[in-house]
Amino acid sequence: MLKSNVAAVFNERRKKLMAMDPDGCFVLFGAGEVTRNNDVHYSFRQDSNFLYLTDFDEQDAVLVLVAGETHLFVLERDLDREIWDGERYGVDRAKAVFQVDHSYLVKEFYSKLEELLADAKRVYYSLGENNNKRDAMMISVLKRASRYQGKGSHGSLPLLDWQPLVSKLRIVKDDFDLQNIRKACSISARAHTLLLKRVRAGMSEFEASAEFQYFVFKNGCTDLGYGPIFAGGYNATTLHYSRNNELLKHGDLLLVDAGGEVNSYTADITQTFPISGTFSTEQKKVYEKVLQVNRTIISEIKPGLTYRDVHTRSVELIIDSLLSLGVLTGSVKENIESKDYRKYFPHGLGHYLGLDVHDAGLYDNRGVDVKLEAGMLITVEPGLYFRDRGNPYYGIGVRIEDDVLLTDNGCEVLTHELPRTVDEIQNLRTIANS
Ligand SMILES: [Mn+2]
């Protein structure tokens with residue numbers, strides 16, 4: 001998709017942000033390069049808030065929104081540097097492609113900002129988000145601007161953080177968000193399904209990961225949204241296992257938590273399946289309990305509930321499962337109080353999803369829970385992990401994660417293409433192992 005074709009989407013988002021405070025001046029820095037080692041950088045990833053408001057994917061840019069207009073500061077064209085690092089937009093092209101009102105060189109930023117502040121009553125800047133040098137420069141510009149505007153004794157313009165306002169926009173998805181997220185979810189779900197047909201005992205976790213990555217990149221993803229987890233057997237009981245360097249063994253389960261990105265929007269999916277064709281009795285019992293929690297939550301989730309309501313409900317269901325597996329004793333209420341279940345379900349039920357795998361947005365606003373509403377996107381990812389020796393389920397880790405979009409009366413599962421029941425999984429696994 002040509003960037004100029006979607007420029008209107010980003011203009012609309014900037015207008016919405018400025019409408020939240022027409023007298024404010026918003027200042028956001030884009031991401032810079034990050035060194036991996038010596039003179040090599042990690043592949044560039046634009047800051048998600050910057051991306052959300054501009055679609056501009058070059059390093060070291062700055063965005064200023066004031067008096068209804070957009071000012072974008074970009075790197076100078078430098079033919080010598082471009083031989084090494086690739087073509088830059090430069091001032092004129094940046095303005096044309098991203099359809100901003102004004103564009104300038106980054107090196108003009110601090111002096112230009114002083115002028116732009118003349119029209120503002122408040123400044124929105126996120127202190128601590130960038131390096132200290134930028135923070136110090138911003139503060140000195142604000143000081144200078146207060147003198148420049150002849151209001152020395154009034155002090156600097158009030159400084160506020162734009163994060164709550166930008167998060168408020170990002171938490172409810174617009175059409176462009178959804179178009180990309182739907183694609184990321186569909187490609188990723190199909191890549192997970194492919195694993196059911198391809199994975200074999202004796203393969204390394206890395207090789208399984210390569211199968212996933214090959215499929216998502218071949219089908220339109222340009223990155224993974226987070227470090228993938230390919231955890232065979234006991235490794236699955238480590239929540240963020242990321243070494244992915246062991247061999248897959250007959251009789252074990254493989255837990256895969258991975259998602260591809262489309263236009264920087266990510267899917268977040270987990271499936272767990274037997275490396276041999278079939279689940280053992282214990283594995284099946286645990287798997288079916290977790291699936292039941294996942295399905296129950298998905299059937300109950302709807303606008304008006306809060307994330308805390310949904311998480312609390314999942315805790316009740318998990319405790320119920322652990323009681324029927326004979327792992328816990330007593331009542332649901334007693335176990336909620338003792339928190340003993342946390343040994344087996346230590347994480348939350350899910351999180352917002354979008355440009356970030358753990359996306360922007362408040363769960364509670366100064367003690368008041370945020371209500372779920374149509375257009376929000378959250379993950380539903382109950383899990384059970386048994387790390388205690390002597391437990392009949394020792395070494396089993398199961399997580400089942402779907403991505404769901406809140407609708408007017410319930411939710412839509414964007415990852416519905418995944419085979420989830422024991423029968424569906426075992427049927428596909430038989431093909432792989434035959
Ligand atoms: Mn997740």
Side-chain angles (χ1 to χ4, degrees), residues 45 48 167 170-171 173 177-178 180-193 195 205 209 212-213 216 221 223-231 235-242 244 253-262 264-273 287 290-291 293-298 301 306-308 310-315 317-318 342 344-363 370 372 376-385 397-406 411-418 420:
R45 174 58 150 82
S48 296
S167 298
R170 282 178 61 187
I171 198 171
K173 272 52 189 173
D177 288 320
L178 288 176
N180 289 297
I181 290 165
R182 279 179 194 285
K183 250 189 232 167
C185 285
S186 172
I187 298 168
S188 303
R190 284 180 285 130
H192 275 275
T193 309
L195 289 176
E205 293 164 341
S209 175
F212 179 88
Q213 295 189 39
V216 296
C221 293
D223 207 343
L224 300 182
Y226 53 97
I229 298 169
F230 280 76
N235 295 338
T237 68
T238 301
L239 298 178
H240 287 167
Y241 175 76
S242 60
N244 300 346
L253 294 177
L254 174 62
L255 181 153
V256 178
D257 186 344
E261 273 188 0
V262 171
S264 304
Y265 289 88
T266 190
D268 184 9
I269 298 175
T270 310
Q271 69 168 344
T272 313
F273 60 86
Y287 183 88
V290 176
L291 183 60
V293 178
N294 168 291
R295 296 290 111 144
T296 306
I297 294 291
I298 286 174
I301 202 165
T306 67
Y307 171 76
R308 192 195 304 272
V310 183
H311 174 72
T312 305
R313 175 72 174 133
S314 75
V315 167
L317 294 166
I318 283 282
R342 292 182 72 165
Y344 308 103
F345 179 46
H347 56 77
L349 176 76
H351 48 82
Y352 301 132
L353 181 69
L355 286 168
D356 295 342
V357 62
H358 297 160
D359 208 40
L362 294 172
Y363 294 86
V370 173
L372 297 176
M376 288 186 183
L377 185 73
I378 74 168
T379 66
V380 175
E381 50 179 310
L384 282 173
Y385 316 88
V398 172
R399 178 162 67 253
I400 302 175
E401 176 177 32
D402 284 296
D403 303 335
V404 310
L405 172 67
L406 272 287
C411 75
E412 180 191 342
V413 183
L414 302 188
T415 45
H416 64 91
E417 287 162 274
L418 287 154
R420 287 303 202 189

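Here the structure is a predicted model, which is why all the values come from computation and not from measurement. Note that ligands are numbered from 1 as they come in the structure, with each ligand's atoms numbered from 1 the same way. Counting from 1, the numbers follow the sequence of the chain as shown.
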Novice: Apply ring pair (Phe, Tyr, Trp, His ring centres under 6.0 Å) to His192 and Phe212, showing your working.
Specialist: CA-CA 7 Å; His192 275 275; Phe212 179 88; 5.0 Å; yes
Novice: So, Lys183 and Glu261, do they make that salt bridge, N to O below 4.0 Å?
Specialist: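 Between Glu261 and Lys183 there is no salt bridge, as every charged N stays at least 4.0 Å from the carboxylate O atoms.
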Novice: So that I can check it, does any N, O or S atom in Asp257 come closer than 2.8 Å to the Mn ion (ligand 1)?
Specialist: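 Checking the Mn ion (ligand 1) against Asp257, no N, O or S atom falls under 2.8 Å.
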Novice: Find, among atoms of Glu401 that are N, O or S, the one nearest to the Mn ion (ligand 1), and state its name.
Specialist: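 When I compare the N, O and S atoms of Glu401, OE2 is nearest to the Mn ion (ligand 1).
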Novice: Is Arg182 paired with Asp403 through a side-chain N to carboxylate O contact shorter than 4.0 Å?
Specialist: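 No, this pair does not count.
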Novice: Of all N, O or S atoms in Glu381, which has the smallest distance to the Mn ion (ligand 1)?
Specialist: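 Glu381's closest N, O or S atom to the Mn ion (ligand 1) is named OE2.
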Novice: Let me confirm one number: the CG-OG1 distance from Leu253 to Thr272, rounded to the nearest 0.5 Å.
Specialist: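 Atom-to-atom, Leu253:CG and Thr272:OG1 are 7.0 Å apart.
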Novice: Output the atom name for the N/O/S atom of Asp268 with the smallest distance to the Mn ion (ligand 1).
Specialist: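 It is OD2, the N, O or S atom of Asp268 closest to the Mn ion (ligand 1).
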Novice: How about His351: does one of its N, O or S atoms come closer than 2.8 Å to the Mn ion (ligand 1)?
Specialist: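 An N, O or S atom of His351 is closer than 2.8 Å to the Mn ion (ligand 1), so yes.
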Novice: Check Asp402 with Arg295, please: is the shortest side-chain N to carboxylate O separation under 4.0 Å?
Specialist: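 Between Asp402 and Arg295 there is a salt bridge, with a charged N closer than 4.0 Å to a carboxylate O.
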